[in-house]
Amino acid sequence: MTKKYFEHVGSFLRPVELKEAREAFEAGKLSQEELTAVEDRLITDLVDKQVAIGLEKITDGEFRRAYWHLDNFWGFDGVEHEHFGQGYLFHGEETGDDTAVLRGKLGFTKENHPFIAHYDFYKKLADERGVEAKITIPAPAQFLAELDRGKNAATVAEFYPSRQDFLRAIAEVYREEILALYETGARTVQLDDCTWGMLIDEDFWHTMAGAGFKKEDVIEEYLYVNNNAIKDLPSDLTINTHVCRGNFHSTYAAKGAYDDVAEAFFGRENARAYFLEYDNERSGGFEPLAAFKGLDKVAVLGLITTKDGQLEDKETIIQRIHEAAEILPLDQLWLATQCGFASTQEGNILTEEDQWKKLTLVKEIIDEVWG
């Protein structure tokens with residue numbers, strides 16, 4: 001059975017000092033070297049705080065990113081940072097309109113992709129403190145969804161007349177990135193993947209993908225790029241995944257239960273631990289977890305929300321865990337927050353004190369339920 005760790009999904013609230021430094025950099029008042037120095041210091045402080053509360057796998061909080069996903073896409077050869085004209089439509093809010101557009105053949109160059117150096121920095125901090133540094137990157141399926149998004153799709157055929165060649169290229173550049181991270185020391189890579197949360201919401205699916213896509217075909221394409229990116233990797237490299245329904249400034253983008261994607265995503269994707277949003281009724285019931293039965297996989301229940309600062313009642317959460325255990329054995333279940341605290345640099349609407357209380361509660365419940 002997959003070993004389980006006390007770990008956070010990924011992102012943390014950006015300190016005010018970091019937000020101000022990024023604003024100054026964008027305004028031309030701070031050099032890249034000065035911004036990096038601020039980031040280095042604040043990431044070091046964040047690592048120490050994670051270690052202090054007992055996290056066994058730490059991240060850099062995604063402090064160097066503006067977006068949880070786009071920053072990774074922009075690091076690939078052939079991809080440009082452009083503006084879509086409209087942001088992602090969340091419940092009551094709209095994000096920035098940044099996007100990733102294909103402007104050439106896809107490629108991966110280790111020296112050009114910033115995430116390799118970013119990981120190397122906090123991997124060394126983790127080693128010094130005796131913990132593991134995991135890295136979160138958006139899944140290949142998320143990259144595919146962005147390149148296929150609305151008008152972005154028109155550029156794909158210019159460089160990849162064959163759809164299969166296009167899908168193969170996505171899987172290949174991701175596999176190269178993952179292997180580069182492995183060479184840098186990564187032993188846990190987490191694929192953050194909101195595509196499955198999009199697929200289960202008909203309303204959001206139509207606004208994201210538009211016309212011309214059949215859900216059944218898209219599911220198979222998502223499985224193809226994800227599984228081919230992570231095939232034949234070193235045996236000591238763990239690939240996990242995380243899915244939610246959007247996490248921008250405490251709002252959400254999609255809703256719906258996992259029923260329609262459980263067979264494909266839970267059953268056929270080759271990840272080991274699945275961090276799943278389960279913090280409210282938008283996520284549906286636990287019944288789809290039955291798709292994990294008999295598999296060497298763990299369903300990590302995201303029962304603690306990161307969208308507000310109200311601390312959950314411990315006994316209520318424990319009761320929900322035991323409800324899930326009626327569907328899937330307890331040794332295939334685990335606990336985390338439903339998402340990170342700041343999927344974008346804006347962050348959710350809660351305090352830094354709130355986020356640490358939430359993670360402390362996660363640890364308390366893990367110790368009580370699983371010993």
Side-chain angles (χ1 to χ4, degrees), residues 1-5 7 9-10 56-60 62 68-69 71-73 75-77 79 106-124 126-127 131-145 164-196 219-243 264-276 292 294-300 332 334:
M1 180 55 60
T2 299
K3 188 175 180 180
K4 295 173 281 192
Y5 297 87
E7 59 184 288
V9 172
E56 297 166 282
K57 295 190 180 187
I58 60 93
T59 72
D60 65 352
E62 301 177 8
W68 64 276
H69 58 328
D71 294 65
N72 190 69
F73 305 157
F76 291 124
D77 302 337
V79 178
L106 284 170
F108 173 80
T109 305
K110 182 176 180 179
E111 294 73 23
N112 293 343
H113 200 294
F115 279 27
I116 309 304
H118 294 175
Y119 177 76
D120 184 56
F121 175 79
Y122 72 93
K123 168 69 165 60
K124 291 173 181 175
D127 288 348
V131 295
E132 181 181 346
K134 80 168 184 179
I135 184 164
T136 62
I137 61 175
Q142 196 74 47
F143 188 35
L144 172 59
Q164 194 59 34
D165 287 347
F166 173 51
L167 299 178
R168 189 178 299 112
I170 289 176
E172 287 176 355
V173 295
Y174 257 91
R175 192 168 185 280
E176 290 180 42
E177 179 184 12
I178 292 169
L179 286 172
L181 288 166
Y182 179 83
E183 291 170 0
T184 311
R187 293 299 179 267
T188 300
V189 175
Q190 179 178 299
L191 304 178
D192 292 334
D193 197 351
C194 287
T195 57
W196 304 98
I219 285 174
E220 295 305 318
E221 289 190 346
Y222 287 174
L223 283 175
Y224 177 88
V225 294
N226 284 354
N227 281 338
N228 278 277
I230 61 177
K231 71 177 182 180
D232 301 326
L233 293 174
S235 59
D236 60 341
L237 176 59
T238 297
I239 301 293
N240 296 333
T241 190
H242 164 250
V243 62
F265 181 46
F266 296 168
R268 293 195 283 140
E269 182 160 311
N270 297 325
R272 301 299 298 279
Y274 287 65
F275 289 76
L276 304 173
F292 287 112
L295 303 176
D296 186 17
K297 297 182 178 183
V298 173
V300 186
Q332 275 189 270
W334 200 239

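Only heavy atoms go into these numbers, but all of them, side chains included; no hydrogens, no water, no symmetry mates.
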Check: Going by atom types only, do Glu62 and Thr136 share a side-chain donor-acceptor pair under 3.5 Å?
Finding: yes

Check: Do the side chains of Thr188 and Leu237 get nearer than 4.5 Å, heavy atoms only?
Finding: no

Check: Taking 4.0 angstrom as the limit, do Lys297 and Glu269 come out as a salt bridge?
Finding: no

Notebook entry, point to check: Do any N or O atoms from the side chain of Asp120 and from the backbone of Ile116 form a donor-acceptor pair under 3.5 angstrom?
Noted result: no

Margin query: Any side-chain to backbone donor/acceptor pair from Arg187 onto Tyr182? Under 3.5 Å, distance only.
Written below: yes

Next item on the list: Identify the two heavy atoms, one from Ile135 and one from Ala186, that lie closest to each other, and give their separation to 0.1 Å.
Entry: CG2-CB, 4.5 Å

Notebook entry, point to check: If you look at every heavy atom in Thr59 and Gly10, which pair is closest and at what distance?
Noted result: OG1-O, 2.8 Å

Check: Are any side-chain N or O atoms of Arg175 and backbone N or O atoms of Lys231, one a donor and one an acceptor, separated by less than 3.5 Å?
Finding: yes

Check: Do the side chains of Thr195 and Leu144 get nearer than 4.5 Å, heavy atoms only?
Finding: no

Next item on the list: Please assess Arg268 against Glu220 for the test salt bridge (charged side-chain N to carboxylate O under 4.0 Å, His left out), listing each intermediate value before the final yes or no.
Entry: CA-CA 10 Å; Arg268 293 195 283 140; Glu220 295 305 318; 2.8 Å; yes

Check: About how many Å separate CG of Leu223 and CZ of Phe265, when rounded to the nearest 0.5 Å?
Finding: 9.0 Å

Check: So, Thr184 versus Lys123: side-chain donor-acceptor pair below 3.5 Å or not?
Finding: no

Checklist line | Electrostatic pair Lys110-Glu177, nearest N-O below 4.0 angstrom | finding: no

Check: When Phe73 is tested against each of Phe143, Tyr174, Phe115 for ring-ring contact (aromatic ring centres under 6.0 Å, His included), which residue passes?
Finding: Phe143

Next item on the list: Measure the acute angle between the ring planes of His113 and Phe108, then classify it against the limits of 30° and 60° as parallel, tilted or perpendicular.
Entry: tilted

Next item on the list: Kindly compute the distance separating CZ (Arg168) from CG (Leu106), expressed to the nearest 0.5 Å.
Entry: 13.0 Å

Notebook entry, point to check: If you take all heavy atoms of Ala273 and Asn240, which pair is closest and at what distance?
Noted result: N-OD1, 3.1 Å

Item checked: Glu7 (side chain) donor-acceptor with Glu56 (main chain) under 3.5 angstrom -> no

Checklist line | Test log, rule side-chain contact (heavy atoms from CB on, under 4.5 Å), inputs Asp192 and His69 | finding: CA-CA 8 Å; Asp192 292 334; His69 58 328; over 6 Å; no

Checklist line | Distance in Å, Ile137 CD1 paired with Trp68 CH2, rounded so as to fall on 0.5 Å steps | finding: 11.0 Å

Note to self: Before you tell me yes or no, could you show the steps for Glu221 and Leu167 under side-chain contact (heavy atoms from CB on, under 4.5 Å), namely the whole-Å CA-CA distance, both residues' side-chain angles and the distance that decides it to 0.1 Å?
What the structure shows: CA-CA 7 Å; Glu221 289 190 346; Leu167 299 178; 3.8 Å; yes

Check: Do side-chain atoms of Asn72 reach the backbone of Pro138 as a donor and acceptor pair under 3.5 angstrom?
Finding: no

Check: Considering only heavy atoms from C-beta outward, does the side chain of Val298 approach that of Lys4 to under 4.5 Å?
Finding: yes

Note to self: Quick check with a 6.0 Å cut-off and a 45 degree axis cone: is Lys134 positioned over the face of Phe275's six-membered ring?
What the structure shows: yes

Next item on the list: I would like to know whether Leu233 and Ile239 meet side-chain contact (heavy atoms from CB on, under 4.5 Å); could you show each step before the answer?
Entry: CA-CA 9 Å; Leu233 293 174; Ile239 301 293; 3.9 Å; yes

Item checked: Where Asn270 and Asn227 come nearest, the two heavy atoms and their spacing -> N-OD1, 2.9 Å

Next item on the list: Taking Gln190 for its side chain and His242 for its backbone only, find out whether a donor-acceptor pair lies under 3.5 Å.
Entry: no

Notebook entry, point to check: Do you know the tightest heavy-atom contact between Ile230 and Ala271?
Noted result: CD1-N, 4.5 Å

Margin query: Ring-plane angle category for Tyr274 and Phe292, please: parallel below 30°, perpendicular beyond 60°, tilted otherwise.
Written below: perpendicular

Checklist line | Chi angles and distances behind the side-chain contact (heavy atoms from CB on, under 4.5 Å) call for Phe121, Asp60 | finding: CA-CA 9 Å; Phe121 175 79; Asp60 65 352; over 6 Å; no

Check: Sub-3.5 Å donor-acceptor pair from the side chain of Tyr119 to the main-chain atoms of Ala133, do we have one?
Finding: yes

Notebook entry, point to check: Which heavy atom of Leu191 sits nearest a heavy atom of Thr241, and at what distance?
Noted result: O-OG1, 2.7 Å

